[in-house]
Engineer: 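Before we start, here is the structure in question, set down as structure tokens.
Everything quoted here is computed from the prediction, not taken from an experiment. Chain letters run A, B, ... following the sequence lines, proteins first and then strands; every chain starts at 1.
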Amino acid sequence: MATKGYDFTAIEKKWQTIWDEQKCFCADHDHSKPKYYTLIEFPYPSGAGLHVGHPRSNTAMDIIGRKKRMEGYNVLFPIGWDAFGLPTENFAIKNHVHPAAVTAKNIDRFRSQLKMLGFAFDYDREVDTTDPAYYRWTQWIFLKLLENGLAYKAEMPINWCTGCKVGLANEEVVDGVCERCGSPVVRRVKSQWMLRITAYAQKLLDGLDQVDFIEKVKTQQRNWIGRSEGAELDFKLSGCKGALRVFTTRPDTLFGATYMVVSPEHPLLREQADKIENLDEIAAYQQEAARKSDFERTELNKDKTGVEIRGIRAINPVNGNEIPIWVSDYVLVSYGTGAIMAVPAHDERDYAFARKFGLPMVEVVAGGDIEKEAYTDIADGVLVNSGFLNGMKVKEAKAAMIDYLEKEGIGTRKINYKLRDWVFSRQRYWGEPIPVIWCPNCGCVPLKEEDLPLELPKTDHYMPTDTGESPLALMEDWVNVPCPKCGAPSKRETDTMPQWAGSSWYFLRYTDPHNDKELASQEELSYWMPVDWYNGGMEHTTLHLLYSRFWHKFLYDIGVVPTPEPYQRRTSHGMVLGADGQKMSKSRGNVVNPDDVVHEIGADAFRLYSMFMGAFDQAIPWSTQGARGCKRFLDRVWKLQEMVKGSEYSKELLADTHQTIKKVTEDFDRMKFNTAIAQMMSYVNAVYDKGSITKEELKTLLKLLYPVAPHITEEMWQEIGEKGYIHEQSWPVYDENALARDETEIAVQINGKLRLRLMVPTSLTRENAEEYLLPKPEVKALTEGKTILKFVFIPGRLLNIVVK
RNA sequence: GCCGGUGUGGCGGAAUGGCAGACGCAAGGGACUUAAAAUCCCUCGUCCGAAAGGACGUGCGGGUUCGACCCCCGCCACCGGCACCA
């Protein structure tokens, strides 16, 4: 459909060239002005090009940044490329093109698409995570983590993707399949590099109190970290030596522990193998469990499975009862100690398990009916059948039991976190090489800082291996090196880092992107950090956002960065859905291409629609018709040039003009872009009703609209004969006094029902309303012959008279 | 199952204790035009009514309040996240 109106193609090209050539939006190196650092999640340059959803976040922060510049701030709004990653590698494998070549091509495409949309990025500060000059510092941070005991290698059950042949972080497994390739994920034991994020669990939790993140992000992070308080205690074993250690949040129910459960991967099963009488049965169960991911284990939870370990039993430390030990996959090896004491009377899962296998149950908290269900209330219950705890409330009993356990040396107070350490290795080519060497004499030898970056060897052998080794393992020239310490023939680590590595500190590099002495200078970091406003998707709340806070806090602790938190404010945008209300995807055929949209209605209209389509934090379906409506609005704005009469603010529109400045200013700061735009539309409608606009009014409107639609407003600024650029102007301010009107319309209600609308003086207050309003004939007619019980007046809003 | 979010016209949404439906889309009517497009103007929640006007109306059921889309209690549906987390 051909749309007429202003020539957006020529105008947008013109201004993009001017901005680019004159470097209008490069952050100032002069630090005397106050700074403002706006950040978007840097894109992964996929082969599909920019998605129609990208502009939503980008435009929002572009608006904030452009407005902040007009308010006198030195704004940093950088862009870069999160370019390591599996899709690129997979594409390279499939099409026999080197990942580096694919990446370079994709970045060029993304850059030109972003420029086409007119974002005010500082292109002088572009970063690329695959550039050795960048990942040199990613590797440097890894060495620091290693040096500080936060990186370690561990043999542990990991999620093994049967498609990618790599270990995945738990966080990367979605619905039991690999987040990236969709293949089933199984459990497998492998030696992996781990990062001890759990050491920062409490700091990550506490830090949330100091930042301005939207509440649901904080809640999600807190839940993810999952702090719980309880006790860790030992159950002695009968039939063999040793003890079984468990974590419990309900030490008060210890008298009710009637059996124990260990996870299928629990070391007890190996250590006590010679005592266990039914090893075959247990081995079969272990094998079955290994095939299931955590998700499947939980999905099948309606029918609990398990095997009793015969030959060893446990002794309840408070009453000396000998109780059975079971193996079941409803207990996870990765949480707590991988073993539990089961209190079926007061835990739903234990209850279901005990019912299925006919295990005994002892009520130790009175208040429920354990014949019907587990009684889990912790507020009102009173302890029974529990020796010295009898008669206590749950909270009191918990404390008393912990004291007892500590006194008797059975157990200790313990805080546990749901958060698990971060599986950091990938058996892939397209990632940062982990800079360590394995020496037969010295063990793990880190590279020296001056030997960084350890570059990815340029090779065509980037195919994954069936053995699960990294492709780098096959490159003998690269792998075989002398030990830096003793000179003995050694081998390089061949695993690479996950994509999350490069994105965990990129916001630091933006402050000083060309520094080849340190990741960024103290001077630049102290000026720019923290990021003032970071917007991104909810899907990154628990992965990227938590990982980068962890790295940042670590860097703070070792004195590399000046702030304990990286981001002061975090907001989130809603997804852009297809026109059918479904998630956009190639297979559904509902994908909208930004190139097509810009071609038809221009970048300004696209930006405008992205912000107008609905509440910023909600998912909204795309509507091509709706986007055209925004183009129509810009055409109406363009034609205002022909309607200019007079210079200063006109009396007729004075209140409207100031109201618009106020509304737009406040709504932009609150991310209520849709209502800010609606206000400008109403203002333009009012101008059309009046038939003319003054020069000052038009200038103000253009400034307000500029952050959303920068090209058309720059052009009109010039067209109406103004000097300089609109982006150099200062943001309009409103005058509270000018908002005042003499008269205002109020609603008149009788018993809460709307009866009429009335113009009254704005000055009318609660005190004088009754004597002014009651004698009015319109009001009198409504109250005729009735008794007035109550008179409610809200200035400027309404009058409600309660009558009988 | 747990946690979070959402529920308002034909559609996207607005109103966070005070006139429900701003703004936009779609639709219908009109003007301009040889005609169409574009543009401009009007109408546009449902029901009753010729109209004036009235009744009903924000997922459902209760409650608080002079007054509830908004707050409280109990449900339902959809979306998202997490999950035998002991």
Engineer: Which base sits across from B:U16 as a Watson-Crick or G-U pair, both distances under 3.5 Å?
Structural biologist: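 Its partner: none found.
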
Engineer: For B:G9, is chi within 90° of 0 (syn) or not (anti)?
Structural biologist: syn

Engineer: Touch check for A:Arg636, heavy atoms < 4.0 angstrom, all strands: base, sugar-phosphate only, or nothing?
Structural biologist: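 Sugar-phosphate: the residue A:Arg636, judged by heavy atoms under 4.0 Å, touches backbone atoms but no base.
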
Engineer: Indicate whether the side chain of A:Asn685 and that of A:Ser682 have a donor and an acceptor atom separated by less than 3.5 Å.
Structural biologist: no

Engineer: Could you work out the separation of B:C71 and B:G18 based on their P atoms and round it to a whole Å?
Structural biologist: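 These two P atoms come out 11 Å apart once rounded.
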
Engineer: Nearest whole angstrom, please: distance from the P of B:G13 to the CG of A:Asp667.
Structural biologist: 17 Å

Engineer: Can you name the ring-ring contact (aromatic ring centres under 6.0 Å, His included) partners of A:His658, sequence neighbours left out?
Structural biologist: A:Tyr649

Engineer: Looking just at side-chain N and O atoms, do A:His544 and A:Glu41 make a donor-acceptor pair shorter than 3.5 Å?
Structural biologist: no

Engineer: Is the shortest heavy-atom distance from the side chain of A:Val576 to the side chain of A:Met613 under 4.5 Å?
Structural biologist: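 Touching, per the 4.5 Å side-chain cut-off.
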
Engineer: Tell me what A:Asn674 touches on the nucleic acid: a base, only sugar-phosphate, or nothing, going by heavy atoms under 4.0 Å.
Structural biologist: sugar-phosphate

Engineer: Please tabulate the protein-to-nucleotide N/O contacts below 3.5 Å involving nucleotides 29-33 of chain B, giving atom names and distances.
Structural biologist:
none

Engineer: When you measure from the centre of the six-membered ring of A:Phe235, is the NZ or CZ of A:Arg245 under 6.0 Å away and within 45° of the axis?
Structural biologist: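 Cation-pi check for A:Arg245 and A:Phe235: fails.
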
Engineer: Nearest heavy atom decides the nucleotide; on that basis, is A:Gly338 or A:Ile746 closer to the 5' end of RNA chain B?
Structural biologist: A:Ile746

Engineer: What I want to check is whether the side chains of A:Asn416 and A:Ser228 have a donor and an acceptor closer together than 3.5 Å.
Structural biologist: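 A:Asn416 vs A:Ser228: no donor-acceptor pair found between side chains.
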
Engineer: Under a 3.5 Å cut-off for both contacts, is B:C56 paired Watson-Crick or G-U wobble with anything, and if yes, with which nucleotide?
Structural biologist: B:G45

Engineer: What is the distance, to the nearest angstrom, from the CG atom on A:Leu798 to the C1' atom on B:A20?
Structural biologist: 13 Å

Engineer: Listed by chain and number, what are the side chain to side chain contact (heavy atoms under 4.5 Å, CB included) partners of A:Val792, not counting sequence neighbours?
Structural biologist: A:Lys790, A:Ile794, A:Asn800

Engineer: If the cut-off is 4.0 Å, is A:Asn685 near the phosphate of B:C23, judged by side-chain N/O to OP1 or OP2?
Structural biologist: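 A:Asn685 to B:C23 OP1/OP2: no side-chain N or O under 4.0 Å.
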
Engineer: Rounded to whole angstroms, how far apart are CG on A:Leu799 and P on B:G18?
Structural biologist: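 Roughly 16 Å, once rounded to whole Å.
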
Engineer: Take atom P in B:U16 and the same atom in B:U33, then report the distance between them in whole Å.
Structural biologist: 46 Å

Engineer: What's A:Ala339 touching, base or sugar-phosphate or nothing? Going by heavy atoms closer than 4.0 Å.
Structural biologist: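 Answer is nothing: A:Ala339 stays at 4.0 Å or more from every strand.
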
Engineer: For atom C1', what is the distance between B:C66 and B:G10, given to the nearest Å?
Structural biologist: 36 Å

Engineer: Can you sort out the partners of A:Arg755 under side chain to side chain donor-acceptor pair (under 3.5 Å), two or more places apart, ordered by chain and number?
Structural biologist: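 Residues passing side chain to side chain donor-acceptor pair (under 3.5 Å) with A:Arg755: none at all.
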
Engineer: B:C82 pairs with which nucleotide, Watson-Crick or G-U wobble, both distances below 3.5 Å?
Structural biologist: B:G1

Engineer: In the structure shown, which nucleotide is the Watson-Crick or G-U wobble counterpart of B:C71, with both distances under 3.5 Å?
Structural biologist: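 Base-paired to B:G63.
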
Engineer: Under 4.0 Å, counting only non-hydrogen atoms across every strand here, what does A:Gly226 touch: a base, just sugar-phosphate, or nothing?
Structural biologist: nothing

Engineer: For nucleotides B:A15 and B:G7, find the distance between their P atoms and express it as a whole number of Å.
Structural biologist: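 Straight-line distance between the two P atoms is 12 Å.
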
Engineer: Checking contacts here: which listed nucleotide (B:A26, B:A22, B:A86) is nearest the side-chain heavy atoms of A:Thr249?
Structural biologist: B:A86

Engineer: Under the salt bridge (Lys or Arg N to Asp or Glu O under 4.0 Å) rule, what pairs show up with a residue in residues 604-619 of chain A, not counting sequence neighbours?
Structural biologist: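 As it turns out, the salt bridge (Lys or Arg N to Asp or Glu O under 4.0 Å) pairs with a partner in residues 604-619 of chain A, which skip direct neighbours, are A:Asp62-A:Arg607.
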
Engineer: Closest approach of A:Phe791 and A:Glu770, non-hydrogen atoms and distance?
Structural biologist: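 Shortest heavy-atom separation between A:Phe791 and A:Glu770 comes out as CZ-CA, 3.4 Å.
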
Engineer: Starting at atom CZ of A:Phe616, determine the distance to atom C1' of B:C23, rounded to an integer number of angstrom.
Structural biologist: 19 Å

Engineer: B:G10 pairs with which nucleotide, Watson-Crick or G-U wobble, both distances below 3.5 Å?
Structural biologist: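 WC or wobble partner is B:C25.
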
Engineer: What string of B, S and - do you get for nucleotides 53-59 of chain B 5' to 3' if you count protein non-hydrogen atoms under 4.0 Å?
Structural biologist: --SS---

Engineer: Going by side chain to side chain donor-acceptor pair (under 3.5 Å), name the residues that satisfy it together with A:Thr59, two or more places apart in sequence or in a different chain.
Structural biologist: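 Checked A:Thr59 against side chain to side chain donor-acceptor pair (under 3.5 Å); zero matches.
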
Engineer: Give none if B:U34 has no partner; otherwise give the nucleotide forming a Watson-Crick or G-U wobble pair with it, both distances under 3.5 Å.
Structural biologist: none

Engineer: Considering every strand and a 4.0 Å limit on heavy-atom distances, what is the contact class for A:Val792: base, sugar-phosphate, or nothing?
Structural biologist: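 Contact class for A:Val792: base.
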
Engineer: So what does A:Glu745 hit on the nucleic acid, given a heavy-atom distance under 4.0 Å: a base, only sugar-phosphate, or nothing?
Structural biologist: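 It contacts base atoms.
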
Engineer: Tell me, please, which residues at least two apart from A:Phe213 pass ring-ring contact (aromatic ring centres under 6.0 Å, His included).
Structural biologist: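 With sequence neighbours excluded, A:Phe213 shows a ring-ring contact (aromatic ring centres under 6.0 Å, His included) to no residue whatsoever.
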
Engineer: For A:Asp689 and for A:Gln220, locate the closest nucleotide of RNA chain B by heavy-atom distance; then report the residue assigned to the nucleotide nearer the 5' terminus.
Structural biologist: A:Asp689

Engineer: Distance check, C1' atoms only: B:U6 and B:C56, in whole angstrom units.
Structural biologist: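 Looking at atom C1' only, B:U6 and B:C56 are 26 Å apart.
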
Engineer: Heavy atoms from C-beta onward define the side chain here; which of B:A15, B:C66, B:A86 lies closest to that of A:Val802?
Structural biologist: B:C66

Engineer: As a test of reading the structure: which of B:C66, B:A86, B:G24 is closest to the side chain of A:Lys790, going by heavy atoms?
Structural biologist: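 Nearest listed nucleotide: B:C66.
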
Engineer: Whole angstroms only, please: what is the CZ-C1' distance between A:Arg222 and B:C82?
Structural biologist: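 Those two atoms, CZ and C1', are 17 Å apart.
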
Engineer: Take atom CG of A:Leu543 and atom P of B:G81, then tell me their distance rounded to the nearest Å.
Structural biologist: 12 Å

Engineer: Encode nucleotides 2-12 of chain B as B, S and - characters from 5' to 3', where the letter depends on protein heavy atoms closer than 4.0 Å: B to the base, S only to sugar-phosphate, - to neither.
Structural biologist: -S--S-----B

Engineer: Measure from the side chain of A:Leu332, starting at C-beta and using heavy atoms only, and say which of B:A26, B:A83, B:C40 lies closest.
Structural biologist: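 Closest nucleotide among those given: B:A83.
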
Engineer: Select one nucleotide: of B:G18, B:C82, B:C23, the one nearest the side-chain heavy atoms of A:Trp224.
Structural biologist: B:C82

Engineer: Would you indicate what A:Lys639 reaches in the nucleic acid, counting non-hydrogen atoms under 4.0 angstrom: base, sugar-phosphate, or nothing?
Structural biologist: sugar-phosphate

Engineer: On a whole-Å scale, what distance lies between the C1' atoms belonging to B:G29 and B:A14?
Structural biologist: 27 Å

Engineer: Classify A:Lys672 by what it touches in the nucleic acid, base, sugar-phosphate, or nothing, heavy-atom distance under 4.0 Å.
Structural biologist: sugar-phosphate

Engineer: In whole Å, measure the gap between the C1' atoms of B:U65 and B:C72 for me.
Structural biologist: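 About 12 Å, rounded to a whole number of Å.
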
Engineer: Between A:Gln749 and B:G67, is there a side-chain N or O to OP1/OP2 distance below 4.0 Å?
Structural biologist: no

Engineer: Please tell me whether A:Thr412 and A:Glu232 have a donor and an acceptor in their side chains that are separated by less than 3.5 angstrom.
Structural biologist: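 No, no side-chain donor-acceptor contact under 3.5 Å.
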
Engineer: Compare side-chain N and O positions of A:Arg628 against OP1 and OP2 of B:G24 and report whether any pair is under 4.0 Å apart.
Structural biologist: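 Answer no for this pair, as no side-chain N or O of A:Arg628 is under 4.0 Å from OP1 or OP2.
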
Engineer: So, using ring-ring contact (aromatic ring centres under 6.0 Å, His included) as the criterion, who are the partners of A:Phe633 when residues are at least two apart?
Structural biologist: none

Engineer: Sequence neighbours left out, what passes side chain to side chain donor-acceptor pair (under 3.5 Å) with A:Asp7? Give chain and number order.
Structural biologist: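 With sequence neighbours excluded, A:Asp7 shows a side chain to side chain donor-acceptor pair (under 3.5 Å) to no residue whatsoever.
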
Engineer: According to side chain to side chain contact (heavy atoms under 4.5 Å, CB included), who are the partners of A:Ala605, at least two apart in sequence or on a separate chain?
Structural biologist: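 Only A:Ile601, A:Lys631, A:Leu634 meet the side chain to side chain contact (heavy atoms under 4.5 Å, CB included) criterion with A:Ala605.
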
Engineer: Output the single nucleotide from B:C66, B:C40, B:A86 whose closest atom is nearest the side chain of A:Asn800.
Structural biologist: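 When the side chain of A:Asn800 is considered, B:C66 is the closest of B:C66, B:C40, B:A86.
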
Engineer: If we take the P atom in both B:G45 and B:C82, what is their distance in whole Å?
Structural biologist: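 It comes out at 43 Å once rounded to the nearest Å.
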
